[in-house]
Visitor: 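Can you keep this structure in mind? I'll have questions shortly.
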Amino acid sequence: MIYCDEAELELIALHQVGNKTNDDGIHISDSLLDISERVRELLAAYFTNPFSKEGTVAASEYYRLHHDSDIALNEVYSFVSKIFDAPPDRCGEIFYEQSVALARHLYEQSTHPKIKGGEFYVALLRGCIVDGETVDAVGLFKSENKETFLRVWPQGGGFEIESQQGIDINRLDKGCLVFNTERENGCLVAVVDNTNRTEARYWMDEFLRVRQRQDDYYQTAATLALCKSFVTRQLPQQYEVSKADQADLLNKSVAFFKEKESFDLGEFSAEVIGQPEVIDSFKSYKEDYEKQHEMEIADRFEISAPAVKRQARGIKSVIKLDRNFHIYVHGDRQLIRKGFDDATGMHYYQLFFENET
(Lines give C-alpha, C1' and ligand atoms only; values in the text may rest on other atoms or scores of the structure.)
Protein backbone atom coordinates (compact mmCIF):
# COMPACT_ATOMS: atom_id res chain seq x y z
CA MET A 1 0.00 0.00 0.00
CA ILE A 2 1.23 3.49 -0.88
CA TYR A 3 0.20 6.50 1.21
CA CYS A 4 0.96 10.07 0.06
CA ASP A 5 -1.37 12.20 2.18
CA GLU A 6 1.33 13.44 4.57
CA ALA A 7 4.08 13.78 1.95
CA GLU A 8 5.86 17.15 1.86
CA LEU A 9 6.32 18.95 -1.46
CA GLU A 10 9.90 20.11 -0.88
CA LEU A 11 11.10 21.27 -4.33
CA ILE A 12 9.32 22.07 -7.57
CA ALA A 13 10.50 23.12 -11.03
CA LEU A 14 8.29 24.30 -13.89
CA HIS A 15 9.22 24.36 -17.58
CA GLN A 16 7.22 24.81 -20.79
CA VAL A 17 7.52 21.89 -23.24
CA GLY A 18 6.13 22.15 -26.75
CA ASN A 19 5.77 19.85 -29.75
CA LYS A 20 9.13 19.19 -31.40
CA THR A 21 7.66 18.26 -34.80
CA ASN A 22 5.71 21.52 -34.88
CA ASP A 23 8.85 23.37 -33.79
CA ASP A 24 7.10 24.78 -30.71
CA GLY A 25 10.31 24.93 -28.77
CA ILE A 26 10.96 24.56 -25.06
CA HIS A 27 11.10 27.26 -22.37
CA ILE A 28 13.39 26.47 -19.45
CA SER A 29 12.91 28.35 -16.17
CA ASP A 30 16.13 29.79 -14.77
CA SER A 31 15.34 28.75 -11.19
CA LEU A 32 13.06 26.62 -9.03
CA LEU A 33 9.56 27.83 -8.19
CA ASP A 34 9.26 30.00 -5.11
CA ILE A 35 5.63 29.70 -4.00
CA SER A 36 3.47 30.49 -0.98
CA GLU A 37 2.47 27.81 1.48
CA ARG A 38 -1.14 27.95 0.22
CA VAL A 39 -0.09 27.37 -3.40
CA ARG A 40 2.27 24.61 -2.24
CA GLU A 41 -0.64 22.81 -0.57
CA LEU A 42 -2.81 23.17 -3.69
CA LEU A 43 -0.06 21.83 -5.93
CA ALA A 44 0.62 18.90 -3.60
CA ALA A 45 -3.05 17.92 -3.82
CA TYR A 46 -3.08 18.52 -7.59
CA PHE A 47 -0.12 16.18 -8.01
CA THR A 48 -1.05 13.35 -5.64
CA ASN A 49 -4.87 13.15 -5.58
CA PRO A 50 -5.20 11.57 -9.06
CA PHE A 51 -3.20 8.59 -7.81
CA SER A 52 -5.14 8.12 -4.65
CA LYS A 53 -8.33 7.99 -2.69
CA GLU A 54 -8.01 9.97 0.50
CA GLY A 55 -4.24 10.00 0.11
CA THR A 56 -3.73 6.28 -0.52
CA VAL A 57 -2.52 5.16 -3.94
CA ALA A 58 -4.93 2.43 -5.04
CA ALA A 59 -3.67 -1.16 -5.13
CA SER A 60 -3.89 -1.36 -8.88
CA GLU A 61 -1.46 -1.20 -11.76
CA TYR A 62 2.06 -0.32 -10.69
CA TYR A 63 4.94 -0.05 -13.13
CA ARG A 64 8.72 -0.06 -13.31
CA LEU A 65 11.01 2.00 -15.48
CA HIS A 66 12.47 -0.27 -18.15
CA HIS A 67 15.27 -0.67 -20.65
CA ASP A 68 15.92 -3.72 -22.81
CA SER A 69 19.65 -3.93 -22.06
CA ASP A 70 20.46 -1.88 -18.93
CA ILE A 71 18.09 0.04 -16.65
CA ALA A 72 20.77 2.71 -16.21
CA LEU A 73 20.21 3.62 -19.88
CA ASN A 74 16.62 4.60 -19.20
CA GLU A 75 16.82 8.40 -19.22
CA VAL A 76 14.14 9.02 -16.60
CA TYR A 77 15.72 6.41 -14.30
CA SER A 78 19.12 8.06 -14.69
CA PHE A 79 17.88 11.60 -14.03
CA VAL A 80 15.65 10.64 -11.11
CA SER A 81 18.37 8.50 -9.50
CA LYS A 82 20.67 11.54 -9.43
CA ILE A 83 17.97 13.45 -7.54
CA PHE A 84 17.55 10.63 -5.02
CA ASP A 85 21.32 10.34 -4.51
CA ALA A 86 22.02 14.09 -4.22
CA PRO A 87 23.82 15.13 -1.01
CA PRO A 88 21.77 17.48 1.20
CA ASP A 89 23.99 20.52 0.54
CA ARG A 90 23.52 20.19 -3.24
CA CYS A 91 19.98 18.82 -3.39
CA GLY A 92 18.37 21.96 -4.82
CA GLU A 93 21.12 22.47 -7.40
CA ILE A 94 21.06 18.86 -8.63
CA PHE A 95 17.26 18.77 -8.58
CA TYR A 96 17.11 21.81 -10.87
CA GLU A 97 19.72 20.39 -13.26
CA GLN A 98 17.88 17.09 -13.57
CA SER A 99 14.51 18.85 -14.01
CA VAL A 100 16.02 20.58 -17.07
CA ALA A 101 17.32 17.25 -18.37
CA LEU A 102 13.88 15.68 -17.89
CA ALA A 103 12.18 18.57 -19.73
CA ARG A 104 14.58 18.26 -22.66
CA HIS A 105 14.07 14.48 -22.76
CA LEU A 106 10.29 15.00 -22.84
CA TYR A 107 10.64 17.49 -25.70
CA GLU A 108 12.67 14.98 -27.71
CA GLN A 109 9.83 12.45 -27.39
CA SER A 110 7.07 14.95 -28.29
CA THR A 111 7.18 14.25 -32.01
CA HIS A 112 3.63 13.21 -32.90
CA PRO A 113 1.96 16.20 -34.62
CA LYS A 114 -1.11 16.01 -32.37
CA ILE A 115 0.78 16.14 -29.08
CA LYS A 116 -0.09 19.32 -27.21
CA GLY A 117 2.47 21.52 -25.54
CA GLY A 118 2.04 22.41 -21.90
CA GLU A 119 3.51 23.06 -18.49
CA PHE A 120 5.89 20.37 -17.24
CA TYR A 121 6.36 20.09 -13.49
CA VAL A 122 9.06 18.18 -11.64
CA ALA A 123 8.46 17.79 -7.90
CA LEU A 124 10.36 16.25 -5.00
CA LEU A 125 8.07 14.68 -2.41
CA ARG A 126 9.39 13.65 0.99
CA GLY A 127 7.73 11.21 3.35
CA CYS A 128 5.70 8.87 1.13
CA ILE A 129 4.81 5.54 2.74
CA VAL A 130 5.36 2.38 0.66
CA ASP A 131 4.43 -0.88 2.40
CA GLY A 132 5.25 0.68 5.77
CA GLU A 133 8.57 2.16 4.61
CA THR A 134 9.10 5.93 4.37
CA VAL A 135 10.58 6.85 0.97
CA ASP A 136 11.01 9.89 -1.26
CA ALA A 137 9.36 10.27 -4.65
CA VAL A 138 9.98 12.36 -7.74
CA GLY A 139 6.79 13.46 -9.45
CA LEU A 140 6.62 14.26 -13.17
CA PHE A 141 3.49 16.05 -14.36
CA LYS A 142 2.30 17.70 -17.55
CA SER A 143 -0.79 19.88 -18.00
CA GLU A 144 -1.92 20.17 -21.61
CA ASN A 145 -5.53 21.35 -21.51
CA LYS A 146 -6.67 24.78 -20.41
CA GLU A 147 -10.08 25.54 -18.93
CA THR A 148 -12.06 28.78 -19.04
CA PHE A 149 -12.81 30.33 -15.65
CA LEU A 150 -14.91 33.34 -14.72
CA ARG A 151 -13.48 35.88 -12.30
CA VAL A 152 -16.08 38.01 -10.54
CA TRP A 153 -15.38 40.96 -8.20
CA PRO A 154 -17.40 43.89 -6.78
CA GLN A 155 -16.97 47.25 -8.51
CA GLY A 156 -18.74 50.34 -7.18
CA GLY A 157 -22.41 49.52 -6.76
CA GLY A 158 -22.22 46.45 -9.05
CA PHE A 159 -19.85 43.75 -10.20
CA GLU A 160 -17.21 43.16 -12.85
CA ILE A 161 -16.69 39.83 -14.58
CA GLU A 162 -14.05 38.55 -16.97
CA SER A 163 -12.92 35.20 -18.39
CA GLN A 164 -9.47 33.71 -17.86
CA GLN A 165 -7.67 30.62 -19.12
CA GLY A 166 -6.15 28.36 -16.49
CA ILE A 167 -5.53 24.85 -15.18
CA ASP A 168 -8.21 22.80 -13.48
CA ILE A 169 -6.47 21.59 -10.31
CA ASN A 170 -9.03 18.78 -10.02
CA ARG A 171 -7.88 17.15 -13.25
CA LEU A 172 -4.29 16.14 -13.97
CA ASP A 173 -3.63 15.39 -17.65
CA LYS A 174 -0.46 13.35 -17.29
CA GLY A 175 1.59 12.39 -14.28
CA CYS A 176 3.73 9.79 -12.57
CA LEU A 177 5.28 9.21 -9.18
CA VAL A 178 8.67 7.50 -9.18
CA PHE A 179 9.36 6.13 -5.70
CA ASN A 180 12.85 5.60 -4.31
CA THR A 181 12.34 1.89 -3.75
CA GLU A 182 12.99 -1.25 -5.80
CA ARG A 183 15.79 0.67 -7.53
CA GLU A 184 17.45 -2.50 -8.78
CA ASN A 185 14.30 -3.30 -10.78
CA GLY A 186 13.67 0.20 -12.15
CA CYS A 187 11.87 1.80 -9.16
CA LEU A 188 8.24 1.50 -8.24
CA VAL A 189 6.17 3.82 -10.48
CA ALA A 190 2.53 4.90 -10.43
CA VAL A 191 1.20 6.47 -13.65
CA VAL A 192 -1.78 8.62 -14.63
CA ASP A 193 -2.60 9.45 -18.26
CA ASN A 194 -6.01 11.04 -18.76
CA THR A 195 -5.34 11.90 -22.42
CA ASN A 196 -4.27 8.41 -23.44
CA ARG A 197 -5.21 8.49 -27.09
CA THR A 198 -3.03 6.70 -29.64
CA GLU A 199 -0.77 9.69 -30.17
CA ALA A 200 -0.48 10.20 -26.41
CA ARG A 201 1.19 6.85 -25.69
CA TYR A 202 4.48 8.72 -25.90
CA TRP A 203 4.14 9.60 -22.19
CA MET A 204 4.39 5.96 -21.07
CA ASP A 205 6.16 4.31 -24.01
CA GLU A 206 8.74 6.87 -25.16
CA PHE A 207 9.20 9.31 -22.28
CA LEU A 208 8.91 7.09 -19.20
CA ARG A 209 9.44 3.72 -20.88
CA VAL A 210 7.61 1.72 -18.23
CA ARG A 211 6.56 -1.89 -17.98
CA GLN A 212 3.82 -3.14 -15.70
CA ARG A 213 5.17 -4.62 -12.48
CA GLN A 214 4.59 -8.38 -12.43
CA ASP A 215 2.99 -8.57 -8.99
CA ASP A 216 -0.18 -10.37 -7.88
CA TYR A 217 -2.36 -7.69 -9.45
CA TYR A 218 -0.58 -8.13 -12.77
CA GLN A 219 -0.77 -11.94 -12.64
CA THR A 220 -4.46 -11.92 -11.73
CA ALA A 221 -5.43 -9.48 -14.49
CA ALA A 222 -3.27 -11.27 -17.06
CA THR A 223 -4.72 -14.70 -16.24
CA LEU A 224 -8.31 -13.46 -16.46
CA ALA A 225 -7.52 -11.84 -19.81
CA LEU A 226 -6.01 -15.15 -20.96
CA CYS A 227 -9.16 -17.03 -19.91
CA LYS A 228 -11.41 -14.61 -21.77
CA SER A 229 -9.29 -14.85 -24.92
CA PHE A 230 -9.24 -18.66 -24.80
CA VAL A 231 -12.99 -18.99 -24.30
CA THR A 232 -14.06 -16.43 -26.89
CA ARG A 233 -11.39 -17.01 -29.57
CA GLN A 234 -9.64 -20.35 -29.33
CA LEU A 235 -12.36 -22.62 -27.94
CA PRO A 236 -14.92 -22.05 -30.75
CA GLN A 237 -12.26 -22.82 -33.37
CA GLN A 238 -11.42 -26.24 -31.91
CA TYR A 239 -14.74 -27.48 -30.59
CA GLU A 240 -18.43 -27.18 -31.27
CA VAL A 241 -19.27 -24.97 -28.32
CA SER A 242 -22.39 -22.84 -28.00
CA LYS A 243 -22.50 -19.24 -26.86
CA ALA A 244 -24.27 -20.45 -23.72
CA ASP A 245 -21.40 -22.83 -22.94
CA GLN A 246 -18.91 -20.02 -23.50
CA ALA A 247 -20.87 -17.77 -21.14
CA ASP A 248 -20.98 -20.54 -18.55
CA LEU A 249 -17.23 -21.09 -18.72
CA LEU A 250 -16.56 -17.36 -18.35
CA ASN A 251 -18.86 -17.24 -15.31
CA LYS A 252 -17.06 -20.19 -13.73
CA SER A 253 -13.69 -18.56 -14.37
CA VAL A 254 -14.68 -15.30 -12.68
CA ALA A 255 -16.34 -17.17 -9.80
CA PHE A 256 -13.13 -19.14 -9.20
CA PHE A 257 -11.12 -15.93 -8.86
CA LYS A 258 -13.72 -14.34 -6.59
CA GLU A 259 -13.96 -17.35 -4.27
CA LYS A 260 -10.30 -18.37 -4.01
CA GLU A 261 -7.45 -16.60 -2.23
CA SER A 262 -4.76 -18.08 -4.48
CA PHE A 263 -4.54 -19.36 -8.04
CA ASP A 264 -3.16 -22.76 -8.98
CA LEU A 265 -3.24 -23.72 -12.64
CA GLY A 266 -3.89 -27.39 -11.93
CA GLU A 267 -6.74 -26.64 -9.53
CA PHE A 268 -8.28 -24.11 -11.93
CA SER A 269 -8.06 -26.52 -14.86
CA ALA A 270 -9.73 -29.34 -12.90
CA GLU A 271 -12.51 -27.25 -11.33
CA VAL A 272 -13.37 -24.87 -14.18
CA ILE A 273 -12.36 -26.50 -17.47
CA GLY A 274 -12.76 -30.13 -16.52
CA GLN A 275 -12.34 -32.04 -19.80
CA PRO A 276 -8.76 -33.32 -20.27
CA GLU A 277 -8.55 -32.47 -23.98
CA VAL A 278 -9.77 -28.91 -23.32
CA ILE A 279 -7.27 -28.56 -20.46
CA ASP A 280 -4.45 -29.53 -22.84
CA SER A 281 -5.75 -26.99 -25.36
CA PHE A 282 -5.82 -24.29 -22.67
CA LYS A 283 -2.24 -24.95 -21.55
CA SER A 284 -1.02 -24.92 -25.14
CA TYR A 285 -2.90 -21.67 -25.80
CA LYS A 286 -1.34 -20.17 -22.64
CA GLU A 287 2.15 -20.79 -24.03
CA ASP A 288 1.28 -19.20 -27.39
CA TYR A 289 -0.45 -16.28 -25.62
CA GLU A 290 2.65 -15.59 -23.51
CA LYS A 291 4.92 -15.57 -26.57
CA GLN A 292 2.56 -13.35 -28.56
CA HIS A 293 2.22 -10.80 -25.76
CA GLU A 294 5.85 -11.10 -24.56
CA MET A 295 4.81 -11.91 -21.02
CA GLU A 296 5.03 -14.67 -18.46
CA ILE A 297 1.94 -15.80 -16.56
CA ALA A 298 2.73 -17.73 -13.40
CA ASP A 299 1.10 -21.08 -12.62
CA ARG A 300 0.65 -20.05 -8.98
CA PHE A 301 0.09 -16.67 -7.32
CA GLU A 302 -2.02 -14.90 -4.71
CA ILE A 303 -5.23 -13.56 -6.23
CA SER A 304 -5.66 -9.76 -6.16
CA ALA A 305 -9.26 -8.80 -5.34
CA PRO A 306 -8.96 -5.30 -6.93
CA ALA A 307 -7.70 -6.89 -10.15
CA VAL A 308 -10.61 -9.34 -10.20
CA LYS A 309 -13.10 -6.52 -9.64
CA ARG A 310 -11.65 -4.42 -12.46
CA GLN A 311 -11.10 -7.24 -14.95
CA ALA A 312 -14.53 -8.79 -14.35
CA ARG A 313 -16.16 -5.63 -15.72
CA GLY A 314 -14.89 -6.54 -19.18
CA ILE A 315 -15.99 -10.18 -19.00
CA LYS A 316 -19.66 -10.10 -19.87
CA SER A 317 -21.46 -13.43 -20.27
CA VAL A 318 -23.95 -12.23 -22.86
CA ILE A 319 -25.52 -13.93 -25.88
CA LYS A 320 -26.48 -11.45 -28.61
CA LEU A 321 -29.39 -12.56 -30.79
CA ASP A 322 -29.61 -10.58 -34.04
CA ARG A 323 -30.64 -7.03 -33.07
CA ASN A 324 -33.63 -8.09 -31.05
CA PHE A 325 -32.40 -9.65 -27.81
CA HIS A 326 -29.47 -9.96 -25.43
CA ILE A 327 -29.40 -12.87 -22.96
CA TYR A 328 -27.21 -12.35 -19.91
CA VAL A 329 -26.14 -15.65 -18.38
CA HIS A 330 -25.34 -15.35 -14.68
CA GLY A 331 -25.95 -18.79 -13.21
CA ASP A 332 -27.02 -22.36 -13.92
CA ARG A 333 -26.19 -23.31 -17.50
CA GLN A 334 -28.77 -26.13 -17.39
CA LEU A 335 -31.61 -23.61 -17.28
CA ILE A 336 -31.00 -22.41 -20.82
CA ARG A 337 -31.45 -24.65 -23.86
CA LYS A 338 -30.98 -24.03 -27.55
CA GLY A 339 -33.15 -25.50 -30.33
CA PHE A 340 -34.15 -25.11 -33.97
CA ASP A 341 -37.67 -24.47 -35.24
CA ASP A 342 -38.29 -26.18 -38.61
CA ALA A 343 -41.44 -24.17 -39.29
CA THR A 344 -39.70 -20.79 -39.19
CA GLY A 345 -36.19 -21.96 -40.02
CA MET A 346 -34.87 -20.08 -36.99
CA HIS A 347 -32.96 -20.94 -33.82
CA TYR A 348 -34.47 -20.40 -30.38
CA TYR A 349 -33.53 -20.52 -26.70
CA GLN A 350 -35.64 -21.90 -23.85
CA LEU A 351 -35.17 -20.25 -20.46
CA PHE A 352 -36.39 -21.97 -17.29
CA PHE A 353 -37.08 -19.98 -14.10
CA GLU A 354 -39.17 -19.96 -10.96
CA ASN A 355 -39.78 -16.26 -10.29
CA GLU A 356 -40.11 -13.23 -12.52
CA THR A 357 -39.09 -9.81 -11.21
Side-chain angles (χ1 to χ4, degrees), residues 1-13 43-88 90-92 94-95 97-99 101-102 105 121-141 172 174-193 203-205 207-222 295-296 298 301-302 304-307:
M1 185 66 70
I2 296 173
Y3 187 75
C4 298
D5 192 48
E6 300 298 328
E8 177 189 357
L9 178 56
E10 182 173 301
L11 300 172
I12 180 169
L43 284 176
Y46 174 53
F47 294 152
T48 60
N49 284 350
F51 299 90
S52 64
K53 184 175 182 180
E54 296 181 355
T56 305
V57 176
S60 56
E61 298 181 15
Y62 296 131
Y63 297 84
R64 291 190 175 115
L65 299 169
H66 174 78
H67 193 278
D68 289 334
S69 58
D70 186 349
I71 186 58
L73 298 177
N74 179 296
E75 290 88 345
V76 171
Y77 178 87
S78 175
F79 302 145
V80 168
S81 293
K82 291 177 182 177
I83 294 174
F84 289 143
D85 295 337
R90 295 191 60 214
C91 184
I94 292 175
F95 176 83
E97 292 173 353
Q98 300 313 308
S99 77
L102 285 160
H105 172 54
Y121 302 84
V122 182
L124 178 60
L125 294 158
R126 303 283 195 189
C128 299
I129 308 297
V130 177
D131 295 330
E133 178 187 4
T134 301
V135 301
D136 298 333
V138 172
L140 309 174
F141 314 96
L172 179 65
K174 288 180 172 62
C176 83
L177 294 174
V178 182
F179 297 94
N180 189 18
T181 185
E182 303 180 21
R183 290 272 291 273
E184 67 281 3
N185 295 316
C187 295
L188 176 65
V189 181
V191 182
V192 166
D193 189 349
W203 178 255
M204 296 183 68
D205 295 345
F207 173 58
L208 296 173
R209 283 199 245 176
V210 291
R211 293 284 179 87
Q212 193 169 349
R213 190 174 72 158
Q214 296 190 12
D215 53 10
D216 292 335
Y217 184 100
Y218 171 90
Q219 294 291 348
T220 302
M295 64 194 308
E296 183 177 344
F301 53 85
E302 296 300 311
S304 166

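Note that the structure is a prediction, hence the values are computed from the model and not measured. For reference, positions follow the sequence shown, starting with 1.
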Visitor: What are the two closest non-hydrogen atoms of Ala123 and Phe141, and how far apart are they?
Guide: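 It is CB-CE1, 4.1 Å.
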Visitor: Report the C-alpha separation of Gln219 and Glu302 in whole Å, then their side-chain angles, then the decisive distance to 0.1 Å, and conclude whether the side-chain contact (heavy atoms from CB on, under 4.5 Å) test is met.
Guide: CA-CA 9 Å; Gln219 294 291 348; Glu302 296 300 311; over 6 Å; no
Visitor: Would you call Leu208 and Cys176 a side-chain contact if the rule is heavy atoms closer than 4.5 Å?
Guide: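 A side-chain contact exists here, since the closest heavy-atom pair is under 4.5 Å.
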Visitor: Under 4.5 Å between any side-chain heavy atoms of Gln212 and Arg64, yes or no?
Guide: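 Side-chain contact under 4.5 Å: no.
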Visitor: I'd like to know if the side chain of Thr220 and the backbone of Ser304 have a donor-acceptor N/O pair within less than 3.5 Å.
Guide: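 It does hold such a pair.
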Visitor: Just how far is it from atom CZ of Arg209 to atom CH2 of Trp203, taken to the nearest 0.5 Å?
Guide: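 Going from CZ on Arg209 over to CH2 on Trp203, the span is 14.5 Å.
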Visitor: Please find out if less than 6.0 Å separates the ring center of Tyr121 from that of Phe47.
Guide: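 Here the rings of Phe47 and Tyr121 have centres that are less than 6.0 Å from each other.
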Visitor: Show the numbers, then the answer: is there a side-chain contact (heavy atoms from CB on, under 4.5 Å) between Leu124 and Cys91?
Guide: CA-CA 10 Å; Leu124 178 60; Cys91 184; 3.9 Å; yes
Visitor: For Tyr46, give me all partners under ring pair (Phe, Tyr, Trp, His ring centres under 6.0 Å), at least two apart in sequence or on another chain.
Guide: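 Residues passing ring pair (Phe, Tyr, Trp, His ring centres under 6.0 Å) with Tyr46: none at all.
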Visitor: Check this for me: does any side-chain nitrogen of one of Arg126 and Glu8 sit under 4.0 Å from a carboxylate oxygen of the other?
Guide: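 No, this pair does not count.
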Visitor: Taking all atoms of both residues into account, what is the closest heavy-atom pair of Ala7 and Cys128, and its distance?
Guide: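 Looking at all heavy atoms of both residues, the shortest contact is CB-SG, 3.9 Å.
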Visitor: Hey, are the side chains of Asn180 and Ile83 touching, using non-hydrogen atoms and a 4.5 Å cut-off?
Guide: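 Not in contact.
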Visitor: Tell me, do Lys82 and Phe95 make a side-chain contact under 4.5 Å, heavy atoms counted?
Guide: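 With C-beta onward as the side chain, the pair stays apart.
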Visitor: Is there a side-chain contact between Arg213 and Tyr218 in this structure, where contact means two heavy atoms from C-beta onward sitting under 4.5 Å apart?
Guide: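 A side-chain contact is absent here, since even the closest heavy-atom pair is not under 4.5 Å.
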Visitor: Which value, rounded to the nearest 0.5 Å, describes the distance between Ser99 atom OG and Leu11 atom CG?
Guide: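 If I round to the nearest 0.5 Å, the distance is 9.5 Å.
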Visitor: Compare all side-chain heavy atoms of Val189 with those of Leu177 and state whether any distance is below 4.5 angstrom.
Guide: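 Heavy-atom side-chain distance check fails, nothing below 4.5 Å.
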Visitor: Is the closest basic N to carboxylate O distance between Asp85 and Arg90 below 4.0 Å?
Guide: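 No salt bridge links Asp85 with Arg90.
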Visitor: So Val138 and Leu125, do their side chains get closer than 4.5 Å, heavy atoms only?
Guide: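 Not in contact.
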Visitor: What are the two closest heavy atoms between Pro50 and Leu172, and how far apart are they?
Guide: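 Looking at all heavy atoms of both residues, the shortest contact is CG-CB, 3.6 Å.
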Visitor: Write down the atom of Phe179, the atom of Ala137, and the distance for their closest heavy-atom approach.
Guide: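 Taking every non-hydrogen atom into account, CD2-CB, 3.7 Å.
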Visitor: What pair of heavy atoms forms the shortest contact from Phe79 to Leu102, and how long is it?
Guide: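 In this case the closest contact between Phe79 and Leu102 is CD1-CD2, 3.6 Å.
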Visitor: Distance from His66 atom NE2 to Leu73 atom CG, nearest 0.5 Å?
Guide: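 One gets 11.0 Å once the value is rounded to the nearest 0.5 Å.
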Visitor: side-chain contact (heavy atoms from CB on, under 4.5 Å) with Phe84: which of Ile94, Val135, Asp136?
Guide: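 It is Asp136; the other options fail the test.
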Visitor: Check whether any side-chain N or O of Thr48 sits under 3.5 Å from a backbone N or O of Ala44 as a donor-acceptor pair, and report yes or no.
Guide: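 The answer is yes, because a donor-acceptor pair under 3.5 Å joins these two groups.
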Visitor: Would you say the side chain of Phe207 lies within less than 4.5 Å of the side chain of Lys174, judging by non-hydrogen atoms?
Guide: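 Result no, sub-4.5 Å side-chain heavy-atom pair not found.
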Visitor: Are His67 and Tyr77 an aromatic pair, judged by ring center distance below 6.0 Å?
Guide: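 Tyr77 vs His67: aromatic centres not under 6.0 Å.
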